[in-house]
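Have a look at the structure below before the remarks.
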Amino acid sequence: MKQIAKVVVDVPVMQTNQPYDYAIPPTLIDRLQVGMRVEVPFGPRHIQGFIVAIVNEPDFEGELKEIIRPLDLEPVLTKELLQLGEDMADQVYAYRIHCYQTMLPPVMKAKYEKEFYLLDGHQAEDVQIVFQGEDVISWDRALEIEALPQLLEWKKQNIVDIRYLVKSKARVKKKTVYQKNISPSEIEEEMNQLSKQAKSQRALLEVLMAIEPEAWLTREQFREQFDIMPRTLQIAVEKGWMITEDKEVYRDPLKNRHFAQTEAKVLNEGQQIAYQAVKEKIDSNQHDVFLLKGVTGSGKTEVYLQLIGEVLAQNKTALMLVPEIALTPQMVHQFKGRFGGEVAVMHSRLSTGEKYDEWRKIKRGEARVVVGARSSIFSPVENLGIVIIDEEHETTYKQEENPKYHARNVAIYRAKYNHCPVVLGSATPSLESRARAQKNVFHLLELTERANQQAMPDVRIIDMREEFQSNNRGNFSQILQDKIRDRIDKKEQTVLLLNKRGYSSFIMCRDCGYVHECPNCDISMTFHMDTKGMKCHYCGHEEPVPNRCPKCQGNQFRYYGTGTQKVESELQELFPDARIIRMDVDTTRKKGDHERLLAAFGRGDADILLGTQMIAKGLDFPNITLVGVINADTSLSLPDFRSSEKTFQLLTQVSGRAGRSDLVGEVIVQSFNPDHYAIRYAQNHNYDGFYRQEMALRHQSGYPPYYFTTQITVSDLDEKKAQTKIYEINAKLRNKLEGQTIILGPSRSSIARMNNRYYFQLLIKYKQKENLHEVLKEILDASQKDNAKGLYISIDTEPVNFF
DNA sequence: AGCACGCCGACT
DNA sequence: GTCGGCGTGCTC
């Protein structure tokens, strides 16, 4: 008889990062299952936990407490996800509880409340004043009326006690539905008794005569189909003509939207070969990882769609990951159009309620295809048949907060567990993945032709240094201006990319060179045209533009950098007749903005689409024949060994937006480093050339994929404490690690202070793990005390961004 | 994370 | 002599 539950509790610290044993009370023996959330006593409190195992014998040798209650009717985590969470916690140096919370929709994170309740027989007057005749008072209310010290005192005197509440935030949306509860003969009778003026009721009775007896109809259906108003329905219920029930409904993030059914297209030879290779693994339930490298416009999506179609035909499920910004309605349309209601969509713009409902659809097996961003890799699907990661090189697949997992690794883990293939798709694979394909760890599949047989667009590089010398100080070279003019005249469309990566607009005093910095972070503040204010991108601090230089009292400021707004006004000046749509964080802040702007551009409401990175993806409009990159090289100067790779990927990506139909596309790239290899190879659409050269450089300087990397960051409000700690860690690492391990640093982070915390870091480069894992875990274990004092140590395996 | 326990400085 | 500061350790 099993009666001991092992529970991972909601206390995210190193000391409690292990399951605790609890007795299962007799009343709950049949109701508790592995993977459920439960409320348990922990010390004097009540908290939430996850049952990770149910066993016969406890490991703990003390007296066990009992589980208080289950928080779910069914397990929310499958056995697979429980195991994954445990392994992931170990690999990315995270807490197990954090991993489990990350796998679930946010509503499942417990909310805790405390309240004081009156013990029997204490009716003293002063007590009554506080409790106001009730027998409980919430902690917050006590705080509000400043009765907290008094109540804590009463607790000592056993007059009141504290109750800890675990609240669930999950709310199921309900809708009232109506069913008729009256026979045809009764309807006749009622009709005869109605007064002549009761026209609405008469109309309703006629409707009731016509509809099916078992049908449940909503208020909206009565209104839209029969023109019956809610008030009439209410009368009908009062008179007993109809009964009501509250039925569970899903919040539909795509409601009122129609998706035209699409059919599978005939695959070309390359697509067919790729499809077949993956299908074989699906058929034989074998794990494998494929790297599908296809030039922009080569029809990767159609291959994905048909593979998923095959998986569904075999009664399995599919996970389809896309980068957050590519999760546009255009993309969703393709999947909804092919698979309809089988598709669940998951991304950060859904409300918490919508996320919860999409999650439940997946859990219940009602949606067997999940299209989503990073975290949807944890979808509770069973019988997984394929995992596809589109744009696999994108760094958004790496979570930058804890747990710092990479969706690609999780995908491979889950596919192994489910004996199914993974497809990593990209026009510009990450060097890591491409190198793995080279070593036959992954299988390389290539699509070298564009699906429409269209040639790759012609890419021309403009040397902006020359423009500068010939006294053109603007952002647009003469040639780009001519081309834009030409497109406007021909009624074709232009896309302009402003590369904002590693870039900000700041103000500087012309007299003394003072740069306006954030008071909390050691970084210059960004000037925002729309609010005419300064804003810190790291902590959100805002202030007006200073009138006078705080240092020398001068009042001449120079505005550096190029914001999209500034470029837009320059563009409008150059082309007064052009209709321009600007797309950046400022114009896409509200839900649906993104979609609205794209749809407008797609309809031809504008001649020019000007935007940041977010326009580089998924844009597929036939009338775009010119793509201009205003500043190709800002991303080259990032203090990051991947800066060339990122630049190459961005240029290739955005070039692919041109010439996707019968019209020939053209790309203009403006640069101050026109001879840089990343730009040259992007010009010639030569991924392989770039790959070889970049690999040689990485080899030379000892970076991934030749070495693995792990970054350790220490932060504290006190600069000295953080610095001491990082040197301590450094000494320990150098002492314990040997062989080919290299440690870079320690050093101040490139943003040395953020939100008043000081950051120090070091980077470990290694070929074999050896004992690194053990040493890092030791460091983390020992960090417990520091943590309590506000000194944080963070370990990031394979970081994708370096600060 | 909370919370209790416990050991030293400033007060009625 | 006591109140309360927060350093330390525990939670099945």
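Below, chains carry the letters A, B, ... as their sequence lines are ordered, and counting in each starts from 1.
Pro19(A) comes within contact range of no nucleotide atom at all, as no heavy-atom separation falls under 4.0 Å. Base contact: Phe60(A) has a heavy atom under 4.0 Å from a base atom. At the heavy-atom level, Lys6(A) lies nowhere under 4.0 Å from the strands shown.
Side-chain proximity of Lys785(A) to the nucleotides dG9(C), dC12(C), dA1(B) is greatest for dG9(C). Of the candidates dC12(C), dA1(B), dC3(B), dC12(C) carries the atom nearest the Lys65(A) side chain, counting heavy atoms from C-beta on. Checking dC3(B), dA1(B), dC12(C) against the side-chain heavy atoms of Val13(A) singles out dA1(B) as nearest. Listed candidates were dC3(B), dT11(C), dA4(B). Nearest to the side chain of Lys114(A) is dC3(B). Proximity note for Thr16(A) (side chain, C-beta onward) versus dG9(C), dT11(C), dC12(C): the nearest is dT11(C).
In summary, the aromatic rings of Tyr93(A) and His773(A) are positioned with their centroids under 6.0 Å apart. The six-membered or imidazole ring of Tyr405(A) lies near that of Phe378(A), with a centre-to-centre distance under 6.0 Å.
Contact annotation: Tyr164(A) reaches the phosphate of dC3(B) (side-chain N/O to OP1 or OP2, under 4.0 Å). The phosphate of dA1(B) has neither OP1 nor OP2 within less than 4.0 Å of any side-chain N or O from Lys789(A).
Ranked by how close their nearest DNA chain B nucleotide is to the 5' end, Tyr95(A) and Lys155(A) are led by Tyr95(A).
Atom CD1 in Ile47(A) sits about 17 Å away from atom P in dC10(C), given to the nearest Å. To the nearest angstrom, P of dT11(C) lies 10 Å from OH of Tyr22(A).
A donor-acceptor distance shorter than 3.5 angstrom exists from the side chain of Tyr112(A) to the backbone of Gln48(A), with no hydrogens or angles considered.
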(request) Starting from the C-alpha separation in whole Å, work towards a yes-or-no answer on side chain to side chain contact (heavy atoms under 4.5 Å, CB included) for Asp135(A) and Tyr117(A). (result) CA-CA 6 Å; Asp135(A) 48 12; Tyr117(A) 64 99; 5.9 Å; no
